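Comments concern the structure below.
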Amino acid sequence: MPQTAILLHLQDRAHLDGGLHPDLADTHQNVAEVHQATGLIAVQAAVGLTEALLLLRARAFASERTIMAVAADVVSRRLRFPPDDGHHA
């Protein structure tokens, strides 16, 4: 599951003396929102779920925001991914 790999990657890079990466707190709500946002992006951008998750991650990185914050914007319809956003024909 790609989301699990992302979360494990975040934790691996956290360097928090045994603590959790901030994006891993309150995971039940956050993971559900990331899943929902990934589905919405897949439909909006006309891509598969793997590419939709990559688009979500790329937007979070480019805007210097957390994946969870960008996912919340997607779910609340404040952010959309048109079909030509982030990939080339």
Side-chain angles (χ1 to χ4, degrees):
M1 178 177 288
Q3 292 83 358
T4 303
I6 292 169
L7 295 175
L8 290 173
H9 178 72
L10 286 173
Q11 185 59 36
D12 187 49
R13 300 192 62 195
H15 307 295
L16 297 173
D17 297 326
L20 286 175
H21 187 282
D23 283 348
L24 299 177
D26 191 22
T27 57
H28 287 51
Q29 174 63 29
N30 290 338
V31 170
E33 207 159 42
V34 169
H35 283 296
Q36 189 175 7
T38 300
L40 288 166
I41 293 167
V43 171
Q44 292 171 5
V47 297
L49 291 174
T50 301
E51 188 171 347
L53 181 59
L54 290 173
L55 289 171
L56 178 64
R57 291 178 65 197
R59 181 64 61 95
F61 179 79
S63 62
E64 297 182 353
R65 299 174 64 211
T66 66
I67 293 169
M68 309 312 175
V70 176
D73 282 351
V74 172
V75 171
S76 67
R77 311 294 199 272
R78 290 188 297 262
L79 178 61
R80 294 188 53 82
F81 286 75
D84 61 345
D85 188 57
H87 62 281
H88 302 82

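Given the structure is predicted, the values throughout are model-derived calculations rather than measurements. Atom set for the values below is all heavy atoms of this structure, side chains included, hydrogens, waters and symmetry mates excluded.
- Hydrophobic clustering, with ILVMFWY side chains joined whenever heavy atoms are under 4.5 angstrom apart, groups I41 together with V75.
- Once rounded to the nearest 0.5 Å, the distance linking CD of E51 with CG of L56 reads 12.5 Å.
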Evaluate V34 against L53 for side-chain contact (heavy atoms from CB on, under 4.5 Å), listing each step before the verdict. CA-CA 8 Å; V34 169; L53 181 59; 4.2 Å; yes
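- Note that the NE2 atom of H35 and the CG atom of L49 stand 10.5 Å from one another [nearest 0.5 Å].
- For A69, the side chain to side chain contact (heavy atoms under 4.5 Å, CB included) test picks out R65, T66, with sequence neighbours left out.
- Not counting sequence neighbours, R77 has no partner by the salt bridge (Lys or Arg N to Asp or Glu O under 4.0 Å) test.
- Residue F81 comes nearest to V74 through the heavy atom pair CE1-CG2, 3.7 Å, listed as atom of the first residue, atom of the second, then distance.
- Put simply, I67 and L79 are part of the same group of oily side chains (I, L, V, M, F, W, Y) that touch within less than 4.5 Å, one to the next.
- Here the straight-line distance linking atom CD of Q36 with atom OG of S76 works out to 10.0 Å at 0.5 Å rounding.
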